Amino acid sequence: MPELPEVEVVRRGLERGVVGRVIDGVEVYHPRAVRRHAAGPEDFAAVLLGRTVTTACRRGKYLWLGLSPQGAEAAGPEAAGPEAVEAAAAGAAAAGAAAAGAGESLLGHLGMSGQLLVVPSDSPDQVHLRVRFRFGDGGRELRFVDQRTFGGLAVVSGADLPTSIAHIAPDPLTADFDVERFVDALRRRRTGLKRALLDQTLISGVGNIYADEALWAARLHYARPTETVSRAEANRLLEAVRTVMTAALAAGGTSFDRLYVSTEGVSGLFERSLEAYGREGEQCSRCAAPIRREAFMNRSSYTCPVCQPRPRRARW
DNA sequence: AATACGTCCTGCTTGC
DNA sequence: TGCAAGCAGGACGTAT
């Protein structure tokens, strides 16, 4: 299931594989894949034609491709190569608010099983191929493949940060993540600790796997009421989130159920490094107690019953 | 306002 | 053997 590290691997693949290229063909095979595109599948395909991909960005689990203005003379791949990327990055940093909201982007979310693949045009169609993008250079095409169709694509306003995801909090791997702000906001909540971690308006990019891994690393139980979490514990938890995600990114992500792959179709190797998630009955690497699985929020939570004792006052 | 929960979706696994 | 229930779970709309 793609969370921040997996989405970042995909973003990097898109940066290498499609930035600087001109879209000249779009085919939507399943309308649900573009349900967030308000104007419908036909408009989705039409509005992308002739646009150059200028950037590949990410916040939390969302990723988006910056698009050259509609109707602008299509720049050749050479003209809109790395220079365009640098210009966009510099513009975002320097112009700040002035650049925010301007322009359009192809926004995507992988959901549970979404894949963005950059593959040769003559490679066989995937069973769950939902959208195909061809490029003017005739090179490899971009394919959105999604078995469970929880993911989706849409053309939206905003290039710096699409307006439709302005409610998504910064993610903990960005340099300007405000630690104090996060700690304060977490401790003001009145909910369980894992619920808070999974709330993308508080901190983005954390899903079920890395929430369990970070809680295990920080020796905290998922049902700890947030108002009882000390500043030190909150900082420890955030540090654990960063550590586990950084390690996962270095390993190419976690491919727990083989539905997550990079743009090249490669699985990540972090599954073998998981300490809690998916390890029910196996020994905790710290204390040898068997890892416990419990139903929680209609999904599973894995904890070490010794390292992560259930709080007397539990909240979930 | 803030928090909680049902719903969407498909394919693999489990159990009778 | 075959069928059905269970399970995986991110984000959003709705309910409280």
Side-chain angles (χ1 to χ4, degrees), chain A residues 1-8 10 28-38 58-64 107-116 126-131 144-154 156 162-169 171 184-215 222-229 241 245 253-261 267-268 271 274 276-281 292-302 313-316:
Chain A
M1 304 123 230
E3 301 179 32
L4 189 155
E6 293 76 36
V7 178
E8 174 60 17
V10 171
V28 179
Y29 301 103
H30 196 315
R32 188 172 153 79
V34 296
R35 66 193 180 283
R36 299 270 167 213
H37 186 85
R58 181 189 58 76
R59 172 177 279 215
K61 303 171 201 170
Y62 279 95
L63 44 78
W64 65 95
L107 179 67
H109 196 293
L110 302 177
M112 288 291 297
S113 54
Q115 304 175 343
L116 283 165
Q126 288 73 12
V127 173
H128 303 291
L129 175 63
R130 309 304 190 195
V131 185
F144 180 63
V145 177
D146 191 6
Q147 178 198 101
R148 297 178 202 168
T149 67
F150 276 30
L153 306 173
V156 299
T163 52
S164 58
I165 59 165
H167 63 291
I168 300 295
D171 68 61
D184 289 340
L186 176 72
R187 299 176 73 238
R188 277 197 302 270
R189 291 294 174 98
R190 293 292 180 272
T191 187
L193 191 49
K194 183 169 174 180
R195 276 190 194 281
L197 266 187
L198 295 177
D199 182 344
Q200 306 297 302
T201 66
L202 180 65
I203 180 173
S204 69
V206 183
N208 202 41
I209 295 175
Y210 296 110
D212 279 5
E213 290 300 298
L215 288 164
Y222 63 80
R224 264 291 289 281
T226 45
E227 69 268 29
T228 71
V229 174
V241 169
M245 283 187 169
T254 302
S255 300
F256 193 77
D257 56 10
R258 293 176 181 77
L259 286 177
Y260 157 73
V261 293
S267 292
E271 182 194 341
L274 294 176
Y277 185 88
R279 299 193 65 226
E280 182 180 18
R292 171 193 295 166
R293 183 179 83 90
E294 293 168 294
F296 170 76
M297 290 172 69
N298 288 326
R299 54 210 62 184
S300 293
S301 277
Y302 298 87
R313 279 201 298 134
R315 171 177 278 164
W316 58 89

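In what follows, chains carry the letters A, B, and so on, assigned in the order in which the sequence lines appear, proteins first and then strands, with residues in each chain numbered from 1. The structure displayed is predicted, hence computed values, not measured ones.
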Inset, instruction - Determine, step by step, whether A/Ile168 and A/Tyr62 satisfy the side chain to side chain contact (heavy atoms under 4.5 Å, CB included) criterion, reporting the C-alpha distance in whole Å, the side-chain angles of both residues, the deciding distance to 0.1 Å, and the verdict. - result: CA-CA 9 Å; A/Ile168 300 295; A/Tyr62 279 95; 3.8 Å; yes
Legend entry - Check against side chain to side chain contact (heavy atoms under 4.5 Å, CB included), A/Arg59 and A/Trp64: CA-CA 9 Å; A/Arg59 172 177 279 215; A/Trp64 65 95; 3.8 Å; yes
Inset, instruction - Given side chain to side chain contact (heavy atoms under 4.5 Å, CB included), test A/Leu259 with A/Arg148 step by step and report yes or no. - result: CA-CA 10 Å; A/Leu259 286 177; A/Arg148 297 178 202 168; 3.3 Å; yes
Inset, instruction - Would you sort out whether A/Leu197 and A/Leu186 count as a side chain to side chain contact (heavy atoms under 4.5 Å, CB included), showing the intermediate values? - result: CA-CA 9 Å; A/Leu197 266 187; A/Leu186 176 72; over 6 Å; no
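Within the nucleic acid shown, A/Ser300 comes within 4.0 Å of sugar-phosphate atoms alone, with no base atom in reach, counting heavy atoms only. Within 4.0 Å of A/Arg293, counting heavy atoms only, lie sugar-phosphate atoms of the nucleic acid but no base atom.
Reading DNA chain B from its 5' end, the first and the last nucleotide to sit under 4.0 Å from a heavy atom of chain A are B/dT3 to B/dG11.
Of all non-hydrogen atoms in A/Leu107 and A/Ser164, the two that sit nearest each other are CD2-OG, 3.5 Å.
With sequence neighbours excluded, the residues forming a side chain to side chain contact (heavy atoms under 4.5 Å, CB included) with A/Ala314 are A/Ala223, A/Arg310, A/Pro311, A/Trp316, listed by chain and number. Every residue two or more places apart in sequence or in another chain that forms a side chain to side chain donor-acceptor pair (under 3.5 Å) with A/Thr149 is listed here: A/Arg32. Residues passing the ring pair (Phe, Tyr, Trp, His ring centres under 6.0 Å) test with A/Tyr260: none are found, sequence neighbours excluded. Applying the salt bridge (Lys or Arg N to Asp or Glu O under 4.0 Å) criterion to A/Arg224, with sequence neighbours excluded, gives A/Glu233. With sequence neighbours left out, the side chain to side chain contact (heavy atoms under 4.5 Å, CB included) criterion links A/Arg189 to A/Thr191, A/Asp199, A/Thr201, A/Leu202, A/Thr226. A/Tyr277 is linked by a side chain to side chain contact (heavy atoms under 4.5 Å, CB included) to A/Met1, A/Asn208, A/Ile209, A/Asp212, A/Glu213, A/Phe256, A/Leu274, A/Tyr302, counting only residues two or more places apart in sequence or in another chain. Residues forming a ring pair (Phe, Tyr, Trp, His ring centres under 6.0 Å) with A/His37 (at least two apart in sequence, or on another chain): A/Phe44.
Both A/Asn298 and A/Val127 lie near DNA chain B, and the one whose nearest nucleotide falls closer to the 5' end is A/Asn298.
Computed from C1' positions of five pairs at each end, the angle between the two local axes of the helix from B/dA2-C/dT16 to B/dC16-C/dG2 equals 60°, rounded to 10 degrees.
Following rounding to the nearest Å, A/Leu110 (CG) and C/dA11 (P) show an atom-to-atom distance of 10 Å. Nucleotide C/dA8 holds its P atom 19 Å from the CG atom of A/Asp146, rounded to whole Å.
Side-chain contact between A/Leu110 and A/Leu116 is present, with at least one heavy-atom pair separated by less than 4.5 Å. By the 4.5 Å heavy-atom criterion applied to side chains, A/Leu4 and A/Arg58 are counted as neighbours.
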N/O-N/O pairs, protein side and nucleotides 12-16 of chain C side, under 3.5 Å:
from   : atom 1 : to       : atom 2 : distance (Å)
C/dC12 : OP1    : A/Tyr62  : OH     : 2.6
C/dC12 : OP2    : A/His167 : NE2    : 3.4

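Within residues 189-197 of chain A, the residues that place at least one heavy atom under 4.0 Å from DNA chain B are, in residue-number order, A/Arg189, A/Arg190, A/Thr191, A/Arg195. Taking every heavy atom of residues 198-208 of chain A and every atom of DNA chain B, no pair lies under 4.0 Å.
In this structure, A/Phe150 forms an aromatic stack with the base of C/dG9, since both conditions hold: centre separation below 5.5 Å and plane angle below 30°.
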